[in-house]
There are 2 protein chains.
Amino acid sequence: MTVTINDVAQAAGVSKGAVSYALNGQPGVSDDTRERILRVARELGWKPNLRAKSLSSAKAFAVGLVVARDPRLLGTDPFFPAFIAGIETTLVEHEYALVLTVAASAEAEELGYRKLAADSRVDGVILTDMRVDDSRIALLTSLKIPAVTLNRPETPSPFPAVCMDDTEGIAAAVEHLVSLGHTRIGHVGGPQSYIHGRSRRLAWQNAMSKAGLEAGSFIEADFTAAGGLAATTELLRSPKRPTAIIYANDLMATAGQSYAQSLGLAVPDDLSITGYDDTELATYLNPPLTTVPADPLLWGRVAAQQLLSLLGGAPAEDVYLPSPKLVVRASTGPAPSMPKN
Amino acid sequence: MTVTINDVAQAAGVSKGAVSYALNGQPGVSDDTRERILRVARELGWKPNLRAKSLSSAKAFAVGLVVARDPRLLGTDPFFPAFIAGIETTLVEHEYALVLTVAASAEAEELGYRKLAADSRVDGVILTDMRVDDSRIALLTSLKIPAVTLNRPETPSPFPAVCMDDTEGIAAAVEHLVSLGHTRIGHVGGPQSYIHGRSRRLAWQNAMSKAGLEAGSFIEADFTAAGGLAATTELLRSPKRPTAIIYANDLMATAGQSYAQSLGLAVPDDLSITGYDDTELATYLNPPLTTVPADPLLWGRVAAQQLLSLLGGAPAEDVYLPSPKLVVRASTGPAPSMPKN
DNA sequence: TATCTCTACTGAACCGGTTCAGAGAACTCT
DNA sequence: AGAGTTCTCTGAACCGGTTCAGTAGAGATA
């Protein structure tokens, strides 16, 4: 049926071992023989059997990704699909596959990694959504699974990080709003247990104080539309209502914008809004959203590259991707001279 | 290091074969011996080696999904992440893994399946985004990969289908709008090369004629926000402008709604709008979107179940999931008595 | 010419399971 | 008691590669 290395050996009149050496470009066969073996293999249409290779070489030729999200909310995050697509662009070139696990809870997440390890499904994993004091670092260290993290965690990590600075974009958003005359700029952030939730809040805070402004109201939300709405409600109800709100992602910003408009506030005349991600929809909102384009495709591609080179024995070194730049659209405008209250 | 079946055999004082029979619940060992072997295996902490199992049993214990989308637009589709999460809920229970491939082009898609087959990475695949006259059916048949399709293709297919009727929801949307007095109801559909693009258009068309109305303008778009905008532009520019538009998904509806509002049209006073999917954001728009909730989580779960039972040798039978029901929100309202033109 | 070294290659073990043919033992049937 | 059947278990082959120890032969060296 299928052509094995044995068939090639027989047809070429050599031993199994010689064929293996020849096919893997290893020393041990003369150039003549090597060439003959390769030709015979080609003629017979030999294809390596991944399963056999996996067993004897103790490698999976696959990398893993465990996504810990509420499945119902997973669809709202534009990050993952594009990120995964980015990973794929690298993997296909190296004959690797991606094994994806979705975990609904923290226990399921840990179990996901444990299963990947127990079954040796993967040779390494990519860690996304890094958390402050992330338990996965110790877990993967104990499971002896090589990994790459998105951004460098604050706690010590033996794994190389692929970093994309998000503070610059947020700072640019603050500066942009300040230049438009805003002084009361609120922030609706993601969970502060995530390092990207935290870094965006700190970026906002630092940029405000650098502008000589008091960092106004901050609400910790959860990156969902529902959370964005709730946070916006709270911000707009406060006595010193902000004239601009910086959201930690587009989804919350969109929900916030819609809510503000439903209250009769004009965006940007009464309230300026910025997001983060630059989802496709951002351009097509009314008004189109000022936001910061994350580049999940690039991030995924480079993260996979780093993981593969780590698996290849390369030293673990952090990589820095270019910081995304603020994209100004119509959801931001001059601060109202007489804010509605 | 790791405990193998050999260690268990030695410790239990039986042969390798006996251990294999005992661990797999197969006949060939007495109850006493079986129990002893199981106890010894437990005591030694034996875990099956998936790679060895794969090689000897010629199974991958994994299923595949090839997603053919423009990576940049993939993030905008809320369907996939939730669908994948649904698949996972089934797979984890059966010790199966999901191998995901993202393909940017038609060639890459075919190559994706070919690679999964060549490396025997998976035991079966799930086909989504079924197209009219879908070439993948012949491809997978020739590659001898079992599959499950989402909805039954119009051309003959040997694979079981997991069906979720979308015509009922679209018909309900038409009826809902008709009951509100609308007579000019347009449709912005997905590519008609997709069966779900086609079936939604036909559902709209049939419901219109059933209501005694002339099926108004139809524009074929591409499920993206950009496409939704372009189609809306065209519809609103037409001489007999519709007072209501049924979009084939939420993303296009959202873009359409924003665009209409940017023209100064009020939704729903001047224009009623419906979507399809019921994304999280739909609830939080201004106005919230009337739409039809697809249930990708359920769909994924059942599709994976069907695939696994197919792999287990069950006969290929179609499954029908409950048809999603229209969710009425504020983006639809009475037809304007004097439509703006 | 005898010895040493190096290269090219073979045969077998190995990775960790599954599966099959066959050997004994026990049990049933006549 | 002898023959046939069933049950339990063993040993070995097998899945398709990788890798290692060892050998034959060619070429270099003394």
Side-chain angles (χ1 to χ4, degrees), chain A residues 1-42 44-62 95 117-121 123, chain B residues 1-42 44-62 95 117-121 123 144 311-313:
Chain A
M1 203 63 199
T2 52
V3 183
T4 75
I5 207 173
N6 256 320
D7 302 327
V8 177
Q10 203 169 337
V14 293
S15 75
K16 233 174 131 182
V19 175
S20 176
Y21 292 137
L23 292 169
N24 292 312
Q26 288 196 359
V29 279
S30 67
D31 289 352
D32 281 6
T33 313
R34 180 185 307 275
E35 212 170 314
R36 182 160 45 90
I37 292 175
L38 290 177
R39 184 168 42 75
V40 170
R42 210 179 320 115
L44 293 181
W46 175 83
K47 291 270 177 298
N49 179 309
L50 193 73
R51 288 206 256 264
K53 242 178 127 158
S54 273
L55 179 60
S56 59
S57 64
K59 288 201 280 180
F61 302 100
E95 306 282 331
D119 294 346
S120 316
R121 290 265 191 193
D123 298 322
Chain B
M1 204 62 199
T2 53
V3 183
T4 75
I5 208 174
N6 255 321
D7 302 327
V8 176
Q10 204 170 336
V14 293
S15 74
K16 231 174 131 181
V19 175
S20 176
Y21 292 137
L23 292 170
N24 292 313
Q26 289 196 1
V29 279
S30 67
D31 289 352
D32 281 7
T33 313
R34 180 186 305 275
E35 212 170 313
R36 183 159 46 90
I37 292 174
L38 290 176
R39 185 166 42 73
V40 170
R42 212 178 319 116
L44 293 181
W46 175 83
K47 292 270 176 297
N49 178 312
L50 194 73
R51 289 207 256 264
K53 243 178 124 157
S54 273
L55 179 59
S56 59
S57 63
K59 288 202 279 181
F61 302 100
E95 305 283 331
D119 294 345
S120 317
R121 290 266 192 193
D123 299 321
K144 302 203 198 319
L311 293 178

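Chain letters run A, B, ... following the sequence lines, proteins first and then strands; every chain starts at 1.
Nearest heavy atom pair, residue A:Ile5 against residue A:Trp46, reads N-NE1, 3.5 Å. Across all their heavy atoms, A:Ala60 and B:Arg121 have their closest contact at O-NH1, 3.5 Å. What you find for A:Arg34 and A:Gln26 is that their closest heavy atoms are NH2-O, 2.8 Å. Pairing each heavy atom of A:Ala12 with each of A:Ile37, the nearest pair is CB-CG1, 4.3 Å.
Counting distance only, with no hydrogens placed and no angle test, the side-chain atoms of A:Tyr21 and the base atoms of D:dC20 include a donor-acceptor pair under 3.5 Å.
Bounding nucleotides for the chain B contact on DNA chain C, 5' to 3', at a heavy-atom distance below 4.0 Å, are C:dG16 to C:dC20.
Here B:Lys59 lies out of heavy-atom contact (under 4.0 Å) with every strand. Residue B:Ser20 is classed as a base contact, given a heavy-atom separation below 4.0 Å to a base. Nucleic acid contact for A:Thr33: sugar-phosphate only, since backbone atoms but no base atoms lie under 4.0 Å from a heavy atom of the residue.
Sequence order on DNA chain D of the closest nucleotides to B:Ala18 and B:Leu55 puts B:Ala18 first from the 5' end. Residues B:Ala52 and B:Val29 both approach DNA chain D. Their nearest nucleotides, taken by heavy-atom distance, put B:Val29 toward the 5′ side.
Residues A:Asp31 and A:Glu35 form no side-chain contact, since every pair of their non-hydrogen atoms from C-beta on lies 4.5 Å or further apart. At least one side-chain heavy atom of A:Asp119 sits under 4.5 Å from a side-chain heavy atom of B:Glu95.
B:Asp31 places its CG atom 7 Å from the P atom of D:dT8, with the value rounded to the nearest Å. Protein atom CD of B:Glu35 is 14 Å distant from nucleotide atom P of D:dT8, rounded to whole Å. Taking atom CG on B:Asp32 and atom C1' on D:dC9, their separation rounds to 14 Å, with Å as the unit.
Listed in residue order, the members of residues 4-15 of chain B having a heavy atom less than 4.0 Å from DNA chain C are B:Thr4, B:Ile5.
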| request: Check step by step if side chain to side chain contact (heavy atoms under 4.5 Å, CB included) holds for B:Lys47 and B:Thr2. | output: CA-CA 8 Å; B:Lys47 292 270 176 297; B:Thr2 53; over 6 Å; no

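A:Leu55 CG to A:Leu50 CG: the interatomic distance, rounded to the nearest 0.5 Å, is 11.5 Å.
For the side-chain contact (heavy atoms from CB on, under 4.5 Å) with A:Val19, the lone residue among A:Asp7, A:Val29, A:Val14, A:Asn6 that qualifies is A:Val14.
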